[in-house]
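Here's the structure we're looking at; comments come further down.
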Amino acid sequence: MKFPKYCRKWCMTSTLVVLPFLVGCNKAKEAEAEQHHGEHRAEATESATVHLDKHKVFHAGIKVEPVQSKSIAVPLTLPGKVSFNERRIADVTSRVSGRIEKVNVFTNDRVHQNAPLLQLHSQEFLTMQTEFLQASERWTRAQQSAEDKATAKAIYESARRKLGVIGVDDEELKELESSRILKPFLMVRAPFGGTILDSKIRQGAYVQMGTELFELADLSTVWVLADIYEKDLPQVHAGMKAQVEVTAYPDSFAGTISTIYNVLDEKTRTVKARVEVQNRSGKLKPEMFCSVMIQTQFGKETIKIPASALLGETEKHFVFIAVNDTTFEKRDIRTGVETRNFAEVLDGLLIGEQLVVKGGFFLKSELAKETFGEEH
C-alpha cells in the first residue's frame, strides 16, 4: 500500500519533531541519575562519621591524643648466652721439658697476675742459666778490653731473651746475674689474674715443651652472645647499652654491645651480637642462658601513633579522628613499620589532629550500626 506524497511528508515532519523530545528526555534522566549518585556519595561520606551524645562518649571511655611526629624508644628483648671473654682466657703450657716438682694451684682457684702456679725442674732451664752467666761475664770483659763489644753484647742479649721467653722476669734475671747462683726450679706463673678452670697435671709428672698445664680465665668481664633476628637487625648497632638478666638473680647486669657478627646462622636465621658485661661479683657463669634488653629507636622523626588506635585489616588500616567532643570521623591511613605498641603512619593524618587512641572499637561498632540502618 502506498501513501500519498503529502502523507509521507507529514510523517517525516513528525519524526523530526519527536526526536528532540526523546533526546531531551534522555538528558533529563541522566541528570536525575547523576543527582541520585551524588546523593549516594554524600550519604557514603556522611556514613564515615559517627555522632554520639556526651553520655555515650563518657561511658565508652573514648580517649584522644594529638597526632605527633616523633622518634620512639622501643624495648627489644633478645635471647642470649653467657660466654668467656676470649681476650682473657689462656692455656698455660710448659715452655721447656722437665719434671713437675710442686703444684701450687688447682681447679677453681683464683690467682693474681704473675702468681707461681707450679715449680718445674728442667735441665734445659739449668743450661740456659749457665749460658746466660757466661755471656754476662764475656760482656763485662768486653767493656774493659779490646774484645769485640758488639759480638759480646749480641750473645748476652740472646741468652737474656731465651730466659725471658720461658718465663723468667727481669727481677729474677737481675738476681741471677748478681748472685751467680743457678736456680734449681723454673717458676711457671699466671699471665694474668683469673680463675683456674682446669688443672691438667699432677706433681711428679714429666712434661714436654708445649704440654698444657692449666686453663686460666679472667671472669671479671664476660661476653654475652645475643641472637638478633633478621627483622630487628636495622634497629641494633654497636655501642648500644644493654641490660642482661638471668633467672638465677633478680637484679640485672649492665653491658654494652661491642660488635655485631657478620655471619647469619642459617638454621636460626639470627646474627650474634657481643655484649661486654662487668662481672666482678662472679654471678654470671659461662653457658648461662639469659635475656638481653636494649632500647632501640623506632624510626626517625615521623608520625607515629599508638597501636591501640589502629583498626581494620592487616593490609588496610583506618583510625578515628575527633572532629569535636561528640563527632568522630573515620579516616583511612597508610602505615609503614609496625610494632606491638606503635605504628608509623605514611599517609592519611596531619600533625595536630585529635586521634582516638582508646574507644575505637566502640566507634567502629556504632558506625556499623548506622550503616546497617541506612541500608535497611
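Only this structure's heavy atoms are used, side chains among them; waters, hydrogens and symmetry mates stay out.
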Does the distance from a Lys or Arg side-chain N to an Asp or Glu carboxylate O, for E177 and K174, drop under 4.0 Å?
no
Quick one: CD1 on I166 to CG on L186, what's the gap to the nearest 0.5 Å?
5.0 Å
Give a yes or no on whether the backbone of K200 and the side-chain of D198 come within a donor-acceptor separation of less than 3.5 Å.
no
Verdict with supporting geometry, T130 and L182, side chain to side chain contact (heavy atoms under 4.5 Å, CB included)
CA-CA 7 Å; T130 301; L182 299 182; 3.7 Å; yes
Does D148 reach the main-chain N or O of A152 with its side chain, forming a donor-acceptor pair under 3.5 Å?
no
Measure the shortest side-chain to side-chain distance between R180 and E137 over non-hydrogen atoms and say whether it is less than 4.5 angstrom.
yes
Joint hydrophobic cluster, L367 plus L355, side-chain heavy atoms closer than 4.5 Å:
no
Stepwise, does the side chain to side chain contact (heavy atoms under 4.5 Å, CB included) test hold for N85 with N279?
CA-CA 11 Å; N85 180 347; N279 186 40; over 6 Å; no
Measure the spacing between CD1 of I228 and CG of L78 and express it to the nearest 0.5 Å.
6.0 Å
Can H237 and I257 be said to form a side chain to side chain contact (heavy atoms under 4.5 Å, CB included), step by step?
CA-CA 7 Å; H237 57 81; I257 297 178; over 6 Å; no
Just so I know, are the side chains of R87 and W223 near enough to count as touching, which here means a heavy-atom distance under 4.5 Å?
yes
Taking the side chain as every heavy atom from C-beta outward, state whether Q235 and I294 have any atom pair closer than 4.5 Å.
no
Once rounded to the nearest 0.5 Å, what's the spacing between atom CG of L264 and atom OH of Y229?
12.0 Å
Side-chain heavy atoms of E338 within contact of E344, under 4.5 Å:
no
Could you tell me if the side chain of R202 sits less than 4.5 Å from the side chain of I100, heavy atoms only?
no
Using a 6.0 Å distance limit plus a 45 degree cone around the ring axis, check whether K272 lies over the aromatic ring of Y261.
no
Criterion side-chain contact (heavy atoms from CB on, under 4.5 Å) against V319, the qualifying member of D332, L349, V356
L349
Side-chain donor-acceptor pair under 3.5 Å between K304 and T302, yes or no?
yes
More than 12 heavy atoms of other groups within 6.0 Å of Y206 OH:
yes
Heavy-atom closest pair (F320 atom, G360 atom, distance to 0.1 Å) is CE1-O, 3.7 Å
Which heavy-atom pair separates R160 from D170 by the least distance, and what is that distance?
NH2-OD1, 3.9 Å
Give me the atom names and distance for the closest heavy-atom approach of E366 to V50.
CB-CG1, 3.9 Å
Roughly how far, to the nearest 0.5 Å, is the CZ atom of R280 from the CD atom of Q278?
5.0 Å
Whether W139 and Y156 hold their rings parallel, tilted or perpendicular, with breakpoints at 30° and 60°
parallel
In this structure, CD of Q113 is separated from CZ of F192 (nearest 0.5 Å) by 9.0 Å
Taking V357's backbone N and O only, do any of them form a donor-acceptor pair with S308's side chain (distance below 3.5 Å, no angle check)?
yes
Any side-chain heavy-atom pair from L117 and L216 closer than 4.5 angstrom?
no
Spell out, yes or no, whether V92 and L219 are grouped together once hydrophobic residues are joined by side-chain heavy atoms under 4.5 Å, including indirect joins.
no
Same cluster or not: I351 versus L310, using hydrophobic residues (I, L, V, M, F, W, Y) connected whenever any side-chain heavy atoms lie under 4.5 Å apart?
yes
Non-hydrogen atoms of Y249 and M288 that approach each other most closely:
CE1-CE, 4.4 Å
Check R269 against E230 and note the closest heavy-atom contact, atom names and distance.
NE-OE1, 3.3 Å
Check whether L225 and M240 end up in the same hydrophobic cluster, where Ile, Leu, Val, Met, Phe, Trp and Tyr are linked by side-chain heavy atoms less than 4.5 Å apart.
yes
Determine whether a donor-acceptor pair (N or O, by modelled atom type, separation under 3.5 Å) exists between the side chain of E172 and the backbone of D169.
yes
Same hydrophobic cluster for L173 and V188, using side-chain heavy-atom links shorter than 4.5 Å among ILVMFWY?
yes
Mind jotting down which residue pairs meet the side chain to side chain donor-acceptor pair (under 3.5 Å) criterion with at least one end in residues 90-105? Sequence neighbours excluded, please.
S97-E124, R99-E101
Counting only heavy atoms not in N262, do more than 12 fall under 6.0 Å of its CG?
no
Student check: side-chain heavy atoms of M209 and V96 closer than 4.5 Å
no
Within-4.5 Å side-chain heavy-atom neighbours: L197 and I89:
yes
How far apart are the closest heavy atoms of T268 and T270, and which atoms are they?
OG1-OG1, 2.7 Å
State whether the side chain of S136 and the backbone N or O of F132 hold a donor-acceptor pair below 3.5 Å, judged by distance alone.
no
Run the numbers on D218 and F84 for side chain to side chain contact (heavy atoms under 4.5 Å, CB included), then give the verdict.
CA-CA 8 Å; D218 178 7; F84 294 102; over 6 Å; no
Please check if atom CD in Q143 has more than 12 non-hydrogen atoms from other residues, nucleotides or ligands closer than 6.0 Å.
yes
Identify the residue among I62, V323, I321 that makes a side-chain contact (heavy atoms from CB on, under 4.5 Å) with F328.
I62
Spatial distance of atom CD (E212) from atom OG (S199) [nearest 0.5 Å]:
10.5 Å
